[in-house]
Amino acid sequence: MSVSPEAHLSAITETVEARSYNEPEFLQAVHEVLETLTPVLSEHPEFVEANVLERLVEPERQIIFRVPWLDDQNHVRVNRGFRVQFNSALGPYKGGLRFHPSVNLSVIKFLGFEQIFKNALTRQRIGGGKGGSDFDPRGKSDAEVMRFCQSFMSELFRHIDEHTDVPAGDIGVGGREIGFLFGQYRRLTGRHESGVLTGKGKGWGGAEVRTEATGYGAVFFAQEMLARTGEGIEGREAIVSGSGNVAIYAIEKVEQLGGKAITASDSSGYVVDEQGIDVELLKQIKEVERGRISEYADRRPSARFVSGGSVWDVPGELAFPCATQNELDEAGARALLGGGVRAVAEGANMPTTPEAVALLQQAGVLFGPGKAANAGGVATSALEMTQNAARDRWDFDQSELRLHRIMRDVHDATYAASERYGRPGDYVLGANSAGFVTVAQAMIDQGVV
Ligand code: NDP
Ligand code: 2IT
């Protein structure tokens, strides 16, 4: 019995909507992929025949657990922990942990689903997974964060190891948290298994350039999109949202390549600095002092802080949304277009709403979706796994070169798929199709499991 790709896709859509009706972020991520797959399924009827998609949208395993911990006043606090092991056809589940009050199953599933395609695009043989907790690290002492991480790992440790599932950081999880998590894993298992987490400290198995990789990679991706049309980063102003790990290193790379990043933001508002963001000051405030973005303007005469408001109102030719999902909506896209935007590369996961993506693409803006543009972080995590397995350590330049080459390859594979499936330059179609074909083929090869 042969079913048309369109009929197959609507049947899958109905099934997912029925099963996950209360998971809006997950449904958004699934819709965004399914909407682009008709040409792939026309070329590969075997993917329809094997019902790959219905398997792909259902996580292989979902773990939800209680995380009790003691705060500094000795009160018992309880959070919810998650690990969604989405797809392991290409390798061990790989993906970050997010600690943020907005975390719920829908958010973790959307992130895990995206991760499958992103990881496939890196060609590093890693499956897709994601985890986290509704724990809010903001305002917590180091000791509280440590006790929380220890409790979180006291459950998670039984589900992960270097061949099974390898978590890393995401929002609210950086070097400090990975250290505490690793310490507890080591204590519980009695093994120093470097490959079980990535983003570790450089003295105990962490890879050079992992900290910088996502932000640098997003800028490399934008550079590749621009290079195709004979353009570049140099001399252009960039609007960056967020002021965390991804944003900071996107800003740093824009500036290294001769551009000028003039904004940064957090959930309280944004700063504009017409002189270009002083990235060392930003690191001091955000990475060392864990302060708020307004403090940047307090300490930098050329900058002003705008409380609330939308960073996309600031004109610039390049835009890097690097904060969180759905932060760039239709109004934001219109504002960017009004400000003369030429290229948008997503440092964050799903930061641009579908309506905003459509507006930008219709206007001819180069648009790099997160699955491709922010793949540098997880790709460098895979390089960390490689180094850990070989008990090896690469220097900074060699590691950055590898990252750069991977981002070039991700760009080229994405562009090639956009051509093959009929819309050259549509990187959304390209990233979804190229990622999907790789995973679908592996799933067919491995049978119905
Ligand atoms: P960080 O925790 O280091 O920084 C997050 C930044 O985004 C902060 O400035 C934060 O501001 C802001 N932010 C977070 N949530 C919200 C919100 N609901 N509303 C407004 N601002 C918000 O996280 P990362 O930089 O690591 O992650 C940023 C994005 O990049 C996420 O989408 C993540 O999934 C994605 N990503 C991260 C990778 C990595 O390697 N770290 C790899 C690939 C993608 P505030 O402090 O006020 O909350
Ligand atoms: O969204 C992402 O790709 C990440 N948070 C990084 C995951 C990883 O395993 O490095």
Side-chain angles (χ1 to χ4, degrees), residues 25 91-103 107-108 110-119 121-122 124 126-132 136-139 165-178 196-200 206-207 209-218 221 240-251 264-271 282-283 285-287 290-294 296 308 310-311 320-328 345-352 369-385:
E25 293 86 359
Y93 308 106
K94 183 84 195 87
L97 297 171
R98 175 178 292 191
F99 292 169
H100 191 271
S102 63
V103 163
V107 168
I108 298 299
F110 116 64
L111 290 163
F113 185 70
E114 296 257 310
Q115 200 82 47
I116 304 170
F117 302 88
K118 184 197 303 189
N119 293 4
L121 283 172
T122 69
Q124 299 294 302
I126 38 181
K130 201 85 186 191
D136 186 357
R138 204 189 308 163
D165 185 354
V166 182
D170 194 82
I171 291 177
V173 177
R176 173 182 63 169
E177 291 73 19
I178 294 292
V196 71
L197 292 170
T198 58
K200 298 180 292 295
V209 185
R210 176 62 190 88
T211 305
E212 296 84 355
T214 311
Y216 279 18
F221 193 89
V240 178
S241 68
S243 50
N245 173 260
V246 180
I248 288 172
Y249 293 95
I251 290 169
S265 71
D266 65 17
S267 52
S268 61
Y270 64 90
V271 291
L282 186 63
K283 285 182 193 173
I285 292 168
K286 283 292 179 175
E287 292 184 334
R290 298 180 188 277
R292 306 304 293 154
I293 198 65
S294 56
Y296 178 90
S310 166
V311 71
F320 296 93
C322 298
T324 194
Q325 62 270 11
N326 293 326
E327 55 164 317
L328 169 48
E346 294 185 326
N349 286 306
M350 207 168 76
T352 317
K371 287 185 199 81
N374 73 36
V378 76
T380 306
S381 277
L383 301 180
E384 184 168 321
M385 292 163 72

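Remember, it's 1-based here, ligands and their atoms both numbered in the order they're listed. Residues: numbered from 1 along the sequence shown.
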Colleague: Can you list the atoms of ligand 1 that are under 4.0 Å from a heavy atom of Gly347?
Modeller: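 Near Gly347, the atoms of ligand 1 are 30 (O), 35 (C), 36 (N), 44 (C).
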
Colleague: For ligand 1, which atoms have a heavy atom of Cys322 less than 4.0 angstrom away?
Modeller: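 That gives atoms 28 (C), 29 (C) of ligand 1.
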
Colleague: What atoms in ligand 1 come closer than 4.0 Å to a heavy atom of Ser265?
Modeller: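 Those qualifying, in numeric order: 9 (O).
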
Colleague: Any idea which of Gly244, Pro137, Pro321, Gly376 brings a heavy atom closest to atom 1 (P) of ligand 1?
Modeller: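 Looking at heavy atoms only, the winner is Gly244.
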
Colleague: So for ligand 1, is Lys130 a polar contact partner (N or O within less than 3.5 Å, distance only)?
Modeller: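 No; the residue has no nitrogen or oxygen that sits under 3.5 Å from a nitrogen or oxygen of the ligand.
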
Colleague: Nearest to atom 9 (O) of ligand 1, what protein heavy atom do you find, and at what distance?
Modeller: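 Its nearest protein heavy-atom neighbour is Ser243 N, 3.0 Å.
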
Colleague: Below 4.0 angstrom, counting only protein heavy atoms, does anything approach atom 44 (C) of ligand 1?
Modeller: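 There is a protein heavy atom less than 4.0 Å from atom 44 (C) of ligand 1.
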
Colleague: Please identify which atoms of ligand 1 are closer than 4.0 Å to at least one heavy atom of Arg98.
Modeller: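 Heavy-atom distances to Arg98 below 4.0 Å select 31 (C), 32 (O), 33 (C), 34 (O).
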
Colleague: Ser268 versus ligand 1: do any nitrogen or oxygen atoms come within less than 3.5 Å of each other?
Modeller: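 No.
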
Colleague: Does the residue Arg138 have a heavy-atom contact with ligand 1, meaning some pair of atoms that are separated by less than 4.0 Å?
Modeller: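 Yes, Arg138 has a heavy atom closer than 4.0 Å to ligand 1.
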
Colleague: Heavy-atom distances under 4.0 Å are what count here, so tell me which part of Gln115 touches ligand 2: side chain, backbone, both or neither.
Modeller: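 Only the side chain of Gln115 comes within reach of ligand 2.
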
Colleague: Starting from atom 19 (N) of ligand 1, what is the nearest protein heavy atom, named by residue and atom, and what distance separates them?
Modeller: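 The protein heavy atom lying closest is Thr324 CG2, 3.9 Å.
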
Colleague: Give a yes/no on ligand 1: does Gly96 have at least one heavy atom closer than 4.0 angstrom to it?
Modeller: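 No, that is not the case, since the closest heavy atom of the residue is not under 4.0 Å from the ligand.
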
Colleague: Is there a nitrogen or oxygen of Pro167 sitting under 3.5 Å from a nitrogen or oxygen of ligand 2?
Modeller: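 Pro167 vs ligand 2: no N/O contact under 3.5 Å.
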
Colleague: Using a strict threshold of under 4.0 Å (side-chain N to carboxylate O), is an ion pair present between Glu384 and Arg210?
Modeller: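 Salt bridge: no.
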
Colleague: What protein heavy atom lies closest to atom 7 (C) of ligand 2? Include the residue and the distance to one decimal.
Modeller: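 Going atom by atom, the protein heavy atom closest to atom 7 (C) of ligand 2 ends up being Gly96 N, 3.5 Å.
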
Colleague: May I ask you to say whether Asp266 pairs ionically with Lys286, meaning some side-chain N is under 4.0 Å from a carboxylate O?
Modeller: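 Salt bridge: yes.
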
Colleague: Can you tell which part of Asn349 has a heavy atom less than 4.0 Å from ligand 2: side chain, backbone, both or neither?
Modeller: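 Asn349 to ligand 2: side-chain contact only, backbone stays beyond 4.0 Å.
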
Colleague: Between Asn374 and ligand 2, is there a nitrogen or oxygen pair with a distance under 3.5 Å?
Modeller: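 No: no nitrogen or oxygen of Asn374 is under 3.5 Å from one in ligand 2.
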
Colleague: Looking at Asp170, which atoms of ligand 1 are within less than 4.0 Å of one of its heavy atoms?
Modeller: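 Near Asp170, meaning under 4.0 Å from one of its heavy atoms, ligand 1 has 26 (O), 33 (C), 34 (O), 36 (N), 37 (C).
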
Colleague: By number and element, which atoms of ligand 1 are closer than 4.0 Å to a non-hydrogen atom of Gly172?
Modeller: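 What qualifies from ligand 1 is 2 (O).
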
Colleague: Ignoring hydrogens and geometry, is there a side-chain-to-backbone donor-acceptor pair from Gln115 to Gly128 under 3.5 Å?
Modeller: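 No, the answer is negative, given that no donor and acceptor are paired below the 3.5 Å cut-off.
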
Colleague: State whether the side chain of Glu114 and the backbone N or O of Leu111 hold a donor-acceptor pair below 3.5 Å, judged by distance alone.
Modeller: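 No, Glu114 side chain to Leu111 backbone: no donor-acceptor pair under 3.5 Å.
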
Colleague: Check for me whether Met350 has a heavy atom closer than 4.0 Å to any atom of ligand 1.
Modeller: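 No.
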
Colleague: Quick one: look up the protein heavy atom nearest atom 25 (O) of ligand 1 and list residue, atom name and how far away it is.
Modeller: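 Sorting protein heavy atoms by distance from atom 25 (O) of ligand 1 puts Val246 N, 2.9 Å first.
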
Colleague: Quick one: does Ala375 get within less than 4.0 Å of ligand 2, heavy atoms only?
Modeller: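 No, Ala375 has no heavy atom closer than 4.0 Å to ligand 2.
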
Colleague: Could you list which atoms of ligand 1 come closer than 4.0 Å to a heavy atom of Ala348?
Modeller: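 Ligand 1 atoms under the 4.0 Å threshold to Ala348: 29 (C), 30 (O), 32 (O), 35 (C).
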
